[in-house]
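Per chain, numbering begins at 1; letters A, B, ... match sequence-line order.
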There are 2 protein chains.
Amino acid sequence: MAVTIKDVAKRANVSPSTVSRVITDSNKISEKTKRKVRQVMEEMGYHINFNARVLVQKSTQTIGIVMKHSASHSLHNPFFPEVLRGISAFCHEKDYSISLTTGNSEKSIFNEVVKMVQGRRVDGVIVLYSKKDDKVVPYLIKQNIPFAVIGKPLSETNKIMYVDNDNVQASKEATEFLIKLGHQRISFIGDDPEFQVIQDRINGYQEALKLHELEVTEDYIKSFEYGTANGKQVVEELLSLPEKPTAMIISADVNALVVMKELSKRDIYVPKDMSIISFNNTIISQLSTPPMTSIDTQTYQLGYEASKCVIELIGDPEMFKRSVIIPTVIENRETTAIYKGNGKYN
Amino acid sequence: MAVTIKDVAKRANVSPSTVSRVITDSNKISEKTKRKVRQVMEEMGYHINFNARVLVQKSTQTIGIVMKHSASHSLHNPFFPEVLRGISAFCHEKDYSISLTTGNSEKSIFNEVVKMVQGRRVDGVIVLYSKKDDKVVPYLIKQNIPFAVIGKPLSETNKIMYVDNDNVQASKEATEFLIKLGHQRISFIGDDPEFQVIQDRINGYQEALKLHELEVTEDYIKSFEYGTANGKQVVEELLSLPEKPTAMIISADVNALVVMKELSKRDIYVPKDMSIISFNNTIISQLSTPPMTSIDTQTYQLGYEASKCVIELIGDPEMFKRSVIIPTVIENRETTAIYKGNGKYN
DNA sequence: TTGTAAGCGTTATCAT
DNA sequence: ATGATAACGCTTACAA
């Protein structure tokens, strides 16, 4: 059996409460006693039992991270490690631990969240997505537990702390970037359209088109998820259109890579025949051939700010529910080119 | 204040222990009582306080995951999400939670491990690396807590559960694969040589060379870490050698990507002028241009088996300390070609 | 089958 | 500045 506070107390000839006070470095304990007790703790190899402390203090110093349904999905996307890195960094600064959901369906993840929250295993939660008809966020509101969302919540935005890019704006800028290069037939390829981030980006894309009096063609808006065969299909559909697009905005750089591969199979060269802008600017877009023009969403920062939000909220549950917008920047690399009308099919 | 077992007991006109027994679905409680108690729990919105249970049962149903020093390093490598996915999958099956280290130095990670273990926050631990002079593993042995290592431990292998590929063999096979294609000047590029996995792969590489009576040239053995400028330097050094290599084995596909980029800058074509085999077969090697010939280390499986090991070990701490070797397979893609002597510099 | 009561290892309150 | 004692919310002998 492990050494407890009582064992230490006995050996140091003090009471358990004194030992406890030494642990928290209370200023009501004399330096002399502190030294003595600390020495005994050292000798006996004492270490605090975290669970006992949690039970009485009701603070776990742990935050739970809720991934998208299908951890697999989340974990396949290089977005995840990067956001986790940001979360992790701030948690480390504040000495918080991180607990991860493991489920692979919406339902099992929801159950885990309930277990985390009701089981008092976490002091706060970060939800890594925002999705239509999602039950997690409403549940967290109801439970009144500190949480932050990465992405833009669909409702009650005033009651929710969230960290997001201005995806509408970012996508609008990406579109305008292409328009300024002379492109008129621009396609938008998302991943799962159920997530708000995709909706926002579609909106920004459409706004830009309208602003420049270009037609909004539903046929140009596609989506597929990495890992399915649909990448190929999407490319085929787009290329079989009578008016083929000359540029694409692709909402995740993994997907952009898939598209580029499919294009190259068909001898369509990027950026000569097709311009591409991807989102996220992960290592993938930096190292692809050719390196991608990509919207840097500053994923690390997204994570960092999110954990900052929750941890502050834990400290003051009544605090003003601010939301944080992380700026995006276009990394102009080599997958975008001026439209010259001399591409494969113009 | 949350609803406790006592509140439920009172309302259901039973004793707290009865409620407790209903929670654990004890077979000594009548169906009738169970139904009644469950209904009251439902009505009152009861949910178990996990920490209280942990305190008495001494089981947290949580495993801790120890990343390489610098979470950033770990998290930048697509190996990590994949191994986590495997760990996560088995943990989910067994209803275990996952807790992550957040530190970014060897020292801070070690402290976190101590906190996890001594603070009784985890029942077991998975160490995601094996490294010379690492303090974590010896500590875990000393504490006698169930743990598993992903990678080959440097000593006391009989006392340690570990899951690994046969990296010596895998690297040997990779080398022989290239030799059979006619290559004689083969370079090996690792990442951090402090990790055992790199040592093993270097050994396998050298074994193969010797077996085929090829010279082992120290100048051909290089290493660099992603994120540093050293990738460029390594390529430059290799290319300035009087006897330039015609093939490379690169110990992580992110690094391979960096090398390929540097080669392409110098108009050296893969595989025409240079053959490349990478390790890990992540999405990166699958989608690179050209797609890489890569050793699939079955990272997911590595994670899955590791969590299986710890969780079994938690169930039976005296169990035989087996080790699991996950087979590797060469994915033959387009970065390797027969050596024809007509490359850039032959 | 159910209840009583002790105990898990802390911290917090109230004395001293 | 320190000690005694009662929580915290649960499980588990032991008793009934």
Side-chain angles (χ1 to χ4, degrees), chain A residues 1-41 44-62 97 115-123, chain B residues 1-41 44-62 114-123:
Chain A
M1 216 47 303
V3 182
T4 75
I5 229 173
K6 287 183 189 169
D7 303 324
V8 175
K10 219 166 269 172
R11 183 92 94 88
N13 286 315
V14 294
S15 74
S17 25
T18 301
V19 178
S20 173
R21 288 182 184 112
V22 172
I23 291 168
T24 51
D25 203 19
S26 158
N27 53 7
K28 328 188 131 182
I29 297 288
S30 71
E31 274 309 317
K32 193 171 148 230
T33 318
K34 278 187 187 174
R35 268 198 302 280
K36 184 177 62 183
V37 173
R38 287 204 180 107
Q39 203 203 317
V40 174
M41 296 200 305
M44 306 183 73
Y46 170 81
H47 199 283
I48 195 169
N49 182 319
F50 195 74
N51 304 111
R53 166 183 281 187
V54 166
L55 185 58
V56 33
Q57 289 196 154
K58 283 148 179 43
S59 152
T60 61
Q61 294 273 111
T62 301
S97 297
K115 266 163 75 176
M116 274 183 175
V117 174
Q118 304 265 42
R120 319 266 147 194
R121 299 163 74 134
V122 297
D123 293 344
Chain B
M1 218 44 309
V3 183
T4 75
I5 227 174
K6 287 185 188 167
D7 303 325
V8 174
K10 220 166 268 174
R11 182 92 93 88
N13 286 315
V14 293
S15 75
S17 38
T18 302
V19 178
S20 173
R21 288 180 183 114
V22 172
I23 291 168
T24 51
D25 202 19
S26 157
N27 53 5
K28 327 188 133 182
I29 297 287
S30 71
E31 274 308 318
K32 194 172 146 226
T33 317
K34 279 187 187 175
R35 268 198 303 279
K36 186 176 61 181
V37 172
R38 287 203 180 109
Q39 203 202 318
V40 175
M41 295 200 307
M44 306 184 72
Y46 170 81
H47 197 284
I48 196 170
N49 182 318
F50 195 73
N51 303 110
R53 165 181 281 187
V54 166
L55 186 57
V56 32
Q57 290 196 154
K58 283 147 181 41
S59 151
T60 60
Q61 293 273 111
T62 300
V114 173
K115 267 164 73 177
M116 276 183 173
V117 173
Q118 304 266 41
R120 321 264 146 193
R121 299 164 72 133
V122 297
D123 293 344

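- Rounded to whole angstrom, the span from the CZ atom of Arg35(B) across to the P atom of dT2(C) amounts to 12 Å.
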*List the steps and the verdict of side chain to side chain contact (heavy atoms under 4.5 Å, CB included) for Ile5(A) and Tyr46(A).*
CA-CA 8 Å; Ile5(A) 229 173; Tyr46(A) 170 81; 4.0 Å; yes
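- The distance between atom CD of Gln118(A) and atom C1' of dC10(D), rounded to the nearest whole Å, is 16 Å.
- Considering only side-chain N and O atoms, Ser20(B) lies nowhere under 4.0 angstrom from the phosphate OP1 or OP2 of dC10(D).
- Relative to the side chain of Val56(B), the nucleotides dG7(C), dG3(C), dT11(C) differ in distance, and dG7(C) lies closest.
- Within the 4.0 Å cut-off from OP1 or OP2 of dC10(D), not a single side-chain nitrogen or oxygen of Ser17(B) is found.
- To the nearest angstrom, C1' of dC10(D) lies 15 Å from NZ of Lys10(B).
- Here the nucleotide nearest the side chain of Ser30(A), chosen from dC10(D), dG3(D), dT2(D), is dT2(D).
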*Would you check, one step at a time, whether the test side chain to side chain contact (heavy atoms under 4.5 Å, CB included) holds for Ile23(A) with Met41(A)?*
CA-CA 10 Å; Ile23(A) 291 168; Met41(A) 296 200 305; 4.3 Å; yes
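- The side chain of Thr4(B) sits closest to dG9(D) out of dT10(C), dG9(D), dG3(D).
- Computed from coordinates, the Lys6(B) NZ to dC8(D) P distance equals 7 Å when rounded to whole Å.
- Each of Leu55(B) and Thr18(B) has a nearest nucleotide on DNA chain D; the 5'-most of these lies closest to Leu55(B).
- Residue Ile5(B) contributes atom CD1, which lies 15 Å from atom P of dT4(C) at whole-angstrom precision.
- The distance from atom CD of Gln57(B) to atom P of dC8(C) is 15 Å, rounded to the nearest whole Å.
- As judged by a 4.0 angstrom heavy-atom cut-off over every strand, Val54(A) is placed among residues making no nucleic acid contact.
- Within the nucleic acid shown, Asp7(A) has no heavy atom closer than 4.0 Å to any nucleic acid atom.
- By the neighbour-count criterion of 12 heavy atoms within 6.0 Å, atom NZ of Lys34(B) is densely surrounded, having more than that number from other residues, nucleotides or ligands.
- Of the candidate nucleotides dT2(C), dC10(D), dT11(C), dC10(D) has the atom nearest to the side chain of Tyr46(B).
- One can place CD1 of Ile48(A) at 9 Å from C1' of dT11(C), the figure rounded to the nearest angstrom.
- Looking at Ser17(A) and Ser15(A), their side chains do bring a donor and an acceptor atom within 3.5 Å of each other.
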Side-chain polar contacts of residues 53-60 of chain A - donor-acceptor pairs under 3.5 angstrom, sequence neighbours left out - could you list them?
residue  : atom : partner   : partner atom : Å
Lys58(A) : NZ   : Leu55(A)  : O            : 3.3
Ser59(A) : OG   : Asp123(A) : OD2          : 3.4
Thr60(A) : OG1  : Thr62(A)  : N            : 3.3
Thr60(A) : OG1  : Asp123(A) : N            : 3.2
Thr60(A) : OG1  : Asp123(A) : OD1          : 2.8

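- With rounding to whole Å, Arg53(B) atom CZ is found 18 Å from dG9(C) atom C1'.
- Between Arg21(B) and Ala52(A), the residue anchored closer to the 5' end of DNA chain D is Ala52(A), taking for each the nucleotide with the nearest heavy atom.
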